[in-house]
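Atoms within each ligand, like the ligands themselves, are counted from 1 in listed order. We use all heavy atoms of the structure for the numbers below, so side chains are in, but hydrogens, waters and symmetry mates are not.
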Amino acid sequence: MDITTSDLGLVARVAHLGKAYGTGPNAVTALDDVTIGIRRGEFTAIMGPSGSGKSTLMHILAGLDTATSGQAWLGDTEITRLDDTRLTELRRRRVGFVFQAFNLVPTLDVLANIELPFEIDGRRPTTDERARIDGLVARLGLTDRLAHRPHELSGGQQQRVAIARALATRPDLVVADEPTGNLDSRTGREVLALLRGAASDFGQSIAMVTHDPIAASYADRILFLADGRVVDDRGPSTPEQVSALMLGMEVAS
Ligand SMILES: Nc1ncnc2c1ncn2[C@@H]1O[C@H](COP(=O)(O)OP(=O)(O)OP(=O)(O)O)[C@@H](O)[C@H]1O
Ligand SMILES: [Mg+2]
């Protein structure tokens, strides 16, 4: 019997993953034979120069994009074998998303935005899920903002709504692409502390793409990509250590 992703203590993994965009002379290799596991309950940061394949890797992990070669699993589901319908369902039910641009629905109030994943799934939150949403809303300081529309909120508040929405369904994996990219540094740190707490306190698995050494210093683990390959894999690091590693990579390339 094969050893499964869960047996390995992983929430997601990819094996010999390749992604090319375009064909012929215009082909771009975005990912080149990447084999890596994302550990369950950890906050993992993904770093690397612009164009190194960070977003591509994360999009494939989250079922937003398909691979050219190799395999990807979310839990024990091999997502590289799923058709579009089942991929959409997996994305809806098992992945939470936090983007740089918040991606809230402008016409819906805060509570409706947080409950959107349930709405899209065609159901109401259960009693347990309702309690979880209430807990998240309180913890994220959104209790007196539930009836507001996104444009009535600050950037940091909007990102907190997006985090509440990403966590509400208790997804296997939350993916965040530059979640602090549009925030000032103080607000950004608040958002990072919330993500950190979701991993430490709820065991939420999180994969976050970032360029920022300070953001990466909140993570349990930092993966470094360069030219579509994983070139380093570190445990908790200070911003200074992350900066030194990034500088070393620039010098080496
Ligand atoms: N839809 C696409 N069509 C063609 N090429 C693409 C597409 N998306 C990404 N690429 C290319 O694939 C490579 C990896 O892109 P990716 O967006 O994953 O990089 P990244 O590490 O996230 O960069 P950044 O830090 O700038 O966001 C780049 O060379 C990029 O130009
Ligand atoms: Mg990117």
Side-chain angles (χ1 to χ4, degrees), residues 12-38 43-74 79-80 84 87-88 91 95-103 155 158-159 162-163 166 173-185 188 191-192 195 205-219 221-234 237 239 242-253:
R13 70 181 163 127
V14 299
H16 306 295
L17 190 71
K19 176 71 179 181
Y21 289 105
T23 51
N26 298 324
V28 174
T29 303
L31 293 175
D32 182 9
D33 197 24
V34 174
T35 298
I36 199 82
I38 304 291
F43 182 10
T44 302
I46 302 172
M47 300 198 82
S50 184
S52 58
K54 304 179 297 293
S55 295
T56 304
L57 174 61
M58 200 150 79
H59 290 165
I60 295 173
L61 280 172
L64 280 172
D65 201 354
T66 54
T68 310
S69 56
Q71 293 168 285
W73 292 263
L74 183 68
I79 57 183
T80 31
D84 277 354
L87 204 55
T88 303
R91 208 162 52 220
V95 186
F97 294 91
V98 182
F99 295 103
Q100 180 171 356
F102 317 137
N103 290 20
Q158 291 185 54
Q159 195 59 304
I163 290 172
L173 181 65
V174 166
V175 297
D177 200 343
E178 300 276 359
T180 57
N182 277 337
L183 303 175
D184 63 57
S185 56
V191 162
L192 290 162
L195 293 174
S205 312
I206 302 170
M208 170 183 75
V209 168
T210 183
H211 284 104
D212 175 9
I214 293 176
S217 73
Y218 283 77
R221 181 188 187 194
I222 310 173
L223 299 175
F224 291 87
L225 295 190
D227 293 331
R229 290 173 164 265
V230 176
V231 293
D232 212 339
D233 181 354
R234 298 276 168 149
S237 307
V242 177
S243 299
L245 280 166
M246 291 166 70
L247 203 60
M249 282 171 199
E250 275 170 34
V251 172
S253 65

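- Side-chain N or O atoms of Lys54 include none that pairs as donor or acceptor with a backbone N or O of Leu225 at under 3.5 Å.
- A donor-acceptor pair under 3.5 Å is formed between the side chain of Thr80 and the backbone N or O of Ala72.
- The nearest heavy-atom contact from the protein to atom 14 (C) of ligand 1 is Gly51 O, 3.4 Å.
- Remark: minimum distance from atom 9 (C) of ligand 1 to any protein heavy atom is reached at Tyr21 CE1, 3.3 Å.
- With a cut-off of 2.8 Å, the Mg ion (ligand 2) has an N, O or S atom of Ser55 in range.
- In this structure, Thr35 contributes its side chain and His16 its backbone to a donor-acceptor pair below 3.5 Å.
- Considering each of Ser50, Ala226, Ala27, the one bringing a non-hydrogen atom nearest atom 26 (O) of ligand 1 is Ser50.
- An N or O contact shorter than 3.5 Å is missing between Ala30 and ligand 1 by distance.
- When heavy-atom distances to ligand 1 are checked against a 4.0 Å cut-off, His211 comes that close only through its side chain, counted from C-beta outward.
- For Tyr218 and Asp212, the side-chain atoms include no donor-acceptor pair closer than 3.5 Å.
- For the atom pair CG (Asp177) and OG1 (Thr210), the distance works out to 9.0 Å, reported to the nearest 0.5 Å.
- Within ligand 1, counting atoms from 1 as listed, the ones closer than 4.0 Å to a heavy atom of Ser52 are 19 (O), 21 (O).
- Residue nearest to atom 22 (O) of ligand 1, selected from Gly228, Ser55, Pro49, Ala20: Ser55 (by heavy-atom distance).
- Remark: ligand 1 atoms within the under-4.0 Å shell around heavy atoms of Val28 are 11 (C), 12 (O), 29 (O).
- Interface atoms of ligand 1 facing Thr56, defined by a heavy-atom separation under 4.0 Å, are 14 (C), 15 (O), 16 (P), 18 (O).
- Ligand 1 has no N or O atom lying under 3.5 Å from any N or O atom of Gly48, backbone or side chain.
- Within a 4.0 Å radius of atom 31 (O) of ligand 1, the protein contributes no non-hydrogen atoms.
- Heavy-atom proximity to atom 25 (O) of ligand 1, evaluated over Gln100, Glu178, Lys54, His59, is greatest for Lys54.
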